[in-house]
Amino acid sequence: MQQKALKDFSYLLEVKDLKTTFYTSDGRIPAVDGVSLTVKPGETLGVVGESGCGKSVTALSIMGLISYPPGRIEGGQILFEGEDLLKKSPEEMRAIRGNRIAMIFQEPMTSLNPVYTVGDQIGEVLQFHKGYTKVQAQEKAVELLRSVGIPEAEKRVKQYPHEMSGGMRQRVMIAMALACDPKLLIADEPTTALDVTIQAQILELMKDIKERFGTAIMLITHDLGVVAEMADRVSVMYLGRVVEEGTASDIFHHPRHPYTHGLLRSTPRLGQVVARLHVIPGVVPNPMFMPTGCKFNNRCEYATEKCRQEEPQLATVDGIHSVRCFHPLDGEGQVI
Amino acid sequence: MAVAEKRTSPNNLDQNFGGEALTLKPESYVRMVWRRFKRHKLAMAGLYFLLAMYLVAILAPYIATQDYRAVDPPNRLKPPSREHWMGTDHIGRDIFSRVVWGSRVSLSVGFVAAGVAVTVGTVIGAVAGYFGGWVDDVLMRFTEIVMSFPTFFLLLTIISIVERSIFNIMLVIGFTSWPGLARIVRGQFLSLREQEFVMAARALGASDARIIFRHILPNAMAPIIVSATLRIGSAILSESSLSFLGLGVPEPFPSWGSILNTGRTYLRYAPWITTFPGIFIFLTVLAFNYVGDGLRDALDPRLKD
Amino acid sequence: MYRKLASLVAVILTIAVFVTGCGSGTGQGKEGTGEKPTKGGQIVYGMTGDPVIFNPILATDTPSAFINERVYSGLVRANEKLELIPNLAEKWEFSDDGLVWTFHLKKNVYWHDGTKFTSADVKFTYEAIKHPDYTGVRRTDFKPITKIEAPDDYTVKLYLDKPYAPLLSKLTIGIIPKHIFESTPIAKMKENPANMNPIGTGPYKFKEWQKGQYILLEANDKYFEEGPYIEKVIVKFYQDEQVMLAALEKGDIDYMGSIPADEIARMEEKYSDRFVFKELPTNGYDYIGLKQTNPIFKDKRVRQALMYGLNREQIVKDVLKGYGTVMNANIPPVSWAYAGDVLNQYPYNPEKAKQLLEEAGWKPGPDGIRVKDGQRLSFKVLTASGNKEREAALLIAQQNWKEIGVEAIPEYIEWSVLCSQYLDVAKFESYLLGWSLGLDPDCYLFFHSSAAVDEKGQLVGFNDVEFKNADLDQLLEQGRTEMNQEKRKEIYVKVQKIINEELPYVFLFTRNRVSAMNKKIQGVVWSTLGPLFPEKWYIKQ
Amino acid sequence: MLNYVVRRLLQMIPLLIGISIINFTIMHLAPGDPVLLLSERNATPEELARIRALYGLDEPIHVQYVKWLGHVLKGDFGRSFVDGRPVMDHILERLPYTLYLNFIVMIIIYLVAIPVGVISALRQYSKFDHAVTFFTFLGQALPSFWFALLLIYAVGIKSNWLPIAGVATIGVNVKTSGLWATILDRAKYLILPVTVVSLGSMAGIARYMRSSMLEVIRQDYVRTARAKGLPEKAVIIKHALRNALLPIVTLLGFELPALFSGTAIIETIFSWPGLGLLSMRAIFQRDYQIVMAMNMIGATLMVLGNFLADILYVIVDPRIKYS
Amino acid sequence: MQEYLVEVKNLKKYYPVKAGIFSKVKAWNKAVDGVSFGIYRGETLGLVGESGCGKTTTGKCILCLEEPTDGEVLFEGKNIFELDREELRHLRREMQIIFQDPYGSLNPRMTVGDIIGEAFTIHGIASGKERTEKVEELLEVVGLSPYHAKRYPHEFSGGQRQRIGIARALALRPKLIVCDEPVSALDVSIQSQILNLLNDLQDKFGLTYLFIAHNLSVVQHISDRVGVMYLGRLVELADSDELYSSPRHPYTVALLSAVPIPDPDVRKKRIVLEGDVPSSLNPPPGCTFHTRCPRAVEECEKIRPEWREVSPGHFVACHLV
């Protein structure tokens, strides 16, 4: 109850029990199956998980970019500043997208339209959402490019995407996302396609943005290092569900879910040499043939009969640390 | 390197949710294509139609009610009746029997012509694409030259100078329609030869022939098959166009095109002569197009994982 | 060459215009109404194909000839009885030995550009044909002329090396203007622009040619004879006979020279209020030429068996829809030299055919085809692709002959290949084609032994079947030099008898065509040549 | 860019020479000697030799080729064997009609096929899409001459105002009947041939457009455009269509030779005095000079069309830059 | 002193860039520009660098899958570029490759059994039942089941495919395996499985690895020694521990500092390099890294630094070391 009250006042974004399903020729895929997330104003939420866990679909659902066919949002709520985005008309959603919620994608090489200059593409957002004239929009575009650290912005604004490097393009994407000063920036694997030195640049830039504009960021990534560096809070996803949620420090130092724990241990760390890496056995099941009970039970070393029968709910274990497990760890790697 | 995780987009789900695919029952590529193909209802309808046509062609001697060559002038230009299901032509030949036998001629013209085009196109495209360099240059210049001739005139010119037999017609239609495919195949080879599985085969010490036939060609088959399918249809149409100009399959062999051409003069008062072969050409080409379309969908590399 | 006239893309067989014969043509309109012709109006002809060149001595195609006939005039022309009547020549006389022909020209003749027409134009025209650089196809026609003289402006004298009766009919050829053509060497006559914009002496002046669409002719007010009355002549060109027929039905054209046989009944029934339909026998015939030197055909009995074994009446009835006549020799009924009933009619008689084959030693083989000395009675029949009637006739022949144990294998060959690879080099077993004949019954070039293949293997005349018969040779030589028509007829009847007996060809049929002419056109004189004397036609008020 | 243009132009030279050799060879190896076709059947060998010399056919084939090529380079394709007129005259008097018909056809095809393809891509697997697929396939599968004849009988004869053959009513022109009447007259003549020709070729472009569009709307940048909150119209027209149209530009290059070579069969049926008819007749008459000129010009246009398409591509697609 | 299994000497691979009217070679894309190193028998040599640094090309040259522009690769003392066809075919049995892309590296039209067994067929080692048995054995070695041999690659997950790729590479019992980013495309949980497998196989078969990757943590984990490449050149090469604990080249230092550490409480001082990697089409003169180097001096712009051993087994190419 207390928590509920807190949410109402303090969450910028609250995703409740979101269900997004894809209907493909091969069958029904419950890509997101009851995901609940929260993002507070100015906060960075890291969403981690392996491929196919539904993290990107969650982001696209929030943006209203799930197209039918094949995708369909079948349940839940997406409250943004208290309003349910799922109840919005397409026009209303358009006014929010790119304006109050912006998104950047993984592939800076393909996410920009090759036939328009970057200035056009940034300016377009301003023209549409803010009613700028073309000239004003171009001026503002230069300013935005400068603010994301692109040198010679006046020249760059007239260039086409293919004339830029990947890092530069991702900066352009960020500039475009920031154009309307959004409250929430969804970054879907923003640095995955970039080299590590460029990744460092972009991560610095995002931190800087967060500080300068107070933009809340929902950072989706599979890279635990990136999450650790960027996120205030972390949601760990597995097979369309959030399995663990908590502050970054909690998640990394005291993981409660066997999956999170396994994930952390199986990642080689710079400067820490281990003879042998920890292994999470098996592979992620095909979502069309989901295991019953806890979705992780077939790979979990602690799984019991109960885990195979019944699915645990996301439950608070320690203040604001929640976990979806019958046998959560004690935070030091031991089963409670 | 740049690619760490396959991106998730709504259209790319097969890949991302591939997961423990082994829980699915084992499925060969052919079977998968067939499963996909079956979903395309019109393509299936087309396939059934074509199978039926091929059956007719094979069983022509048993299906045809009369000798397709037998002239019966007193019974000329008779409308469809119990005796002549599709009527008779200008010298009293039974249209039904001719259409039945014509399916043999037309389908084999289509098949052989397409076969020739596909063979020539594939060989030239494959050699050019695989070996590259000056071989590619020479072959592609040659392809461009052939391509540059206005196709139908080239066809006409050659047809008008060779002896007009079914065989020659097949060959000429085939030999004038390969360049498009050669380019497609070349493109496939150019991109496939850079694929890692080809590199792996080379690392194992596989010979060029092995790489071409075992590794690249099977993966380049999709556009070849689709193109072959569509080409059969267009070869049938080409033959009928030649027939229109009196350069098609010679009498007394009936091709649908030549029956159609015979009936052209009598279109007004003996429409049955043209109607039936016309419909069969139309339906057959349509069926090939739909099957081609279905195959394209089924073989589409975008959907392939 | 006549064969070449049968149009290259060969959609229909239209009769060549400079041809003649002897047919029954009746005048129509004038005597029927008795009204006086008035000037004005237009007539639209429909034609298939496209004209090539408007120069009578170079043109070989039907559409060009059709235009040339209206734009140019020859020394003589044929009337509806196919008699040769004066045209540019007022009168003419032959020397007693037949070696000098003198023509007296009309004096009131002007070229369309206003220049006066004189004997020099005639001399120029004929000399051009005889010139070694001449590239047209009339050289043979004028070979007997050794010299042309124009003693004064209105007299032309032709000197012949020997009497040659058929020559007069050749003089229907249009005379071309010397003052226009003398500027180009004969070798380059084809390049003269006047070929495309002809200046003639005929009733109509060439006005406009929209290539591939139509030609517009206008009345020549200074025409040297009566008329012309109709002001404008439009010739529309269609590429497809069926489409032209549709155009006729729609009323787009007033005249179509040959309605497809299968359409005639329907057209007559439907449109007899709008059109006059005329059935006109043509001066030509279709046949299957048999290579006389081929072992199979050497025996006369085999050739006769092929005649008996072929149901030609049925072909006429079913392929030509009855619009035609069975032929038994080489001269069609329209000619004054036609032999008619005196010939063996070869009625369809498969039994007789079989008997003849048996006599000749051809016994049925295992597959039903007759065999002699290990050789099967089987041969190829070539024909040009595209002519449906011929294809049909050939298929019927194939079937008929199969019944008597003869295998005919049809082969369809594109026209130019058929000509150059087979006919012109006289290499074939047999072929099915047709002849369009000239006005004169002379058939020396078809059947005289000297018109066959010479010692060098070169085909000299049109005797590509290499028929050789000494009696016939003699008769043919006589027929050429005899100037009296009565006597000539006797000779040609004998010729037909020999041919009827010896059968270099399997004779098939001669066609009758049915022309349609809009009823508003009056004064038309019909003949086997088609509607004659266009300058005398007029539009009904 | 200039460099690229020059290089591409230079590359055409061997291509065109290759084309001209093949072209020349095919025609001269063809059985059916034009001299025999032109001369009398009973012409003597001497007469034939003379005619052969007159037409320059007595020389060895390579000499003939070099001479011919020399003239062609000066724009002289020689004269027709059949009527002695310059080949260029023949072509030039037919060209306007072919261009006229095909140009109209092309405009109609593009006007119809592009939106149709786009809409069926946007509504993939909808009823509209299936209907479009059906009609495009239908257009491809119908033997065009059969369809043309059916149309003539079904429409042309029944309705009196729709002419079935030819280009224009004789005597109707701007001077005699005024501008609008003339345009109306010409339009009437166009209806049937344009219908037949476009139905057949529409299919390809509509299908092409459809798949191009399907490809493009899957692209990341289209998702980006949506994520920016742009209205769907802007997403489709500005971001998707613009990119989907790029490959169509290449097709335009290929259309150029198609514009030229015409459609022989349709021209036959509708008595359309275009190049198709001309070349068909020339092929049958062994009028070498015309056939070679047609092939040569057709091939040159094809090569130029390709070149133009490449250049256009450079212009419309900023990604492609040539050094 | 250990013996080198492979020794790379001044390897260069330039790709011509054609331009102009006559397609003249206008420039060279210097993918690999003078690289020298050796791989000891039985060790794992890691090769790290950002995209386009030439590490993959180096690997392919070692396998003779690319013809180098210059330099030599000695395999057991023999220059592999001087071998004739037959010798080269034989050499193929000695060295194999594992690719990055588990999707592109397996022929989708072949069964797993054929993919793995192809090596036996090509080299005429085994066929029929014997081949089947060998394939099944290999499948078990890499942690798959024998029945998988009849399946097609698309039925497998990324990690499983990578195992198939490894089995293929192992089939001929090679001495050297070039692992070209073998785990980059895999999820973390699968990545560790594969890395462990590679380790196990090395122990079991005494393999030598050239491990090419961009992920420094992974390279550190698996490698005995590590080389760092930048723009076609090696900039540093040392024992793994030494390189990670005391990197000498400024680029190595920056690279290591750029790697995010999965520990939110560790806030290290990061050296963020400015700008992008220059194009290898027109690499900067002197030290190619000088354009981004925080410590660059004038000398760096002009003179190409020498590749030298600064301490035993520790090679660096930098003027400032």
Side-chain angles (χ1 to χ4, degrees), chain A residues 46 48-53 151 164-168 191 193-201 203-204 222-232 234 247-253 259 262-284 286 299, chain E residues 48-53 143 156-160 183 185-197 199-200 214-223 230 240-241 244-245 251 254-268 270-279 292:
Chain A
V48 256
E50 295 177 284
S51 43
C53 71
M164 299 182 161
S165 67
M168 207 71 98
T191 59
L194 304 174
D195 277 318
V196 64
T197 57
I198 308 299
Q199 167 171 297
Q201 295 173 357
L203 293 180
E204 290 300 321
H222 70 283
D223 188 327
L224 294 167
V226 171
V227 179
E229 188 158 312
M230 298 291 293
D232 301 318
V234 177
T247 63
S249 177
D250 256 1
I251 294 282
F252 279 89
H253 294 299
Y259 175 64
L263 215 52
L264 284 166
R265 281 197 296 157
S266 61
T267 313
R269 292 184 187 205
L270 206 61
Q272 284 180 19
V273 182
V274 287
R276 201 171 168 77
L277 290 168
H278 174 79
V279 159
I280 303 177
V283 294
V284 182
N286 183 323
R299 302 177 71 192
Chain E
V48 281
E50 295 175 284
S51 35
C53 71
F156 293 85
S157 67
Q160 288 169 320
V183 296
L186 304 177
D187 277 320
V188 181
S189 68
I190 309 300
Q191 179 177 304
S192 59
Q193 296 174 0
I194 299 297
L195 289 173
N196 285 349
L197 175 66
N199 264 332
D200 295 347
H214 70 278
N215 186 326
L216 287 110
S217 323
V218 168
V219 172
Q220 179 202 19
H221 171 77
I222 198 149
S223 307
Y230 184 78
S240 183
D241 296 344
Y244 283 84
S245 55
Y251 176 64
L255 203 59
L256 288 173
S257 83
V259 178
I261 304 295
D263 185 340
D265 297 337
V266 178
R267 295 285 177 213
K268 55 178 181 177
R270 168 176 286 162
I271 306 161
V272 177
L273 291 175
E274 294 291 315
D276 290 314
V277 182
S279 160
R292 297 171 78 200

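Values reported hereafter were calculated over all heavy atoms of this structure, with side chains retained and with hydrogens, waters and symmetry mates removed. Reminder, nothing fancy here: chain letters follow the sequence lines and each chain counts from 1.
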Per-residue contact mode, A/V226 against chain E (heavy atom under 4.5 angstrom): both

Polar contact flag, side-chain donor to acceptor under 3.5 angstrom, A/E50-E/S189: yes

Minimum heavy-atom distance between E/L216 and A/V196, given as atom pair plus value: CD1-CG1, 4.3 Å

Contacting moiety of E/Q220, where chain A heavy atoms sit under 4.5 Å: side chain

Chain A contact via E/L273 - which portion, at a heavy-atom distance below 4.5 Å: both

Heavy-atom closest pair, residues A/P268 and E/S217: O-CB, 3.4 Å

Gap separating the CG atom of E/D276 from the CG atom of A/L194, nearest 0.5 angstrom: 9.5 Å

Pairwise distance CD(E/Q191) to NE2(A/H222) - rounded to 0.5 angstrom: 8.0 Å

Polar contact flag, side-chain donor to acceptor under 3.5 angstrom, A/R265-E/S192: no

Distance in Å, A/T267 OG1 paired with E/I261 CD1, rounded so as to fall on 0.5 Å steps: 11.5 Å

Smallest separation among heavy atoms of A/L270 and E/Y244, with atom names: CD1-CE2, 3.1 Å

Structural part of A/P151 lying under 4.5 Å from a heavy atom of chain E: neither

Heavy-atom check, side chain of E/D200 versus side chain of A/R276, under 4.5 Å: yes

E/E50 side, atom CD; A/I198 side, atom CD1 - distance, nearest 0.5 Å: 6.0 Å

Nearest-0.5 Å distance, CD of residue E/E274 to OG1 of residue A/T197: 11.0 Å

Closest contact, heavy atoms only, E/I190 versus A/R299: CD1-NH2, 4.2 Å

E/Q193 side chain to A/V279 backbone, donor-acceptor under 3.5 Å: no

E/A258 versus A/A200, closest heavy-atom pair with distance: CB-CB, 3.8 Å

Toward chain E, the part of A/Q201 with a non-hydrogen atom under 4.5 Å: both

Heavy-atom proximity to chain A below 4.5 Å, by part of E/V272: side chain

Which atoms of A/V274 approach chain E - backbone, side chain, both or neither, heavy atom under 4.5 Å: both

Pairwise distance CG(A/L277) to CG(E/L197) - rounded to 0.5 angstrom: 12.5 Å

Salt bridge (charged side-chain N to carboxylate O under 4.0 Å, His left out) partners for A/D232, two or more places apart: A/K210

Test item: E/D187 side-chain N/O and A/S51 main-chain N/O as donor-acceptor pair under 3.5 Å: yes

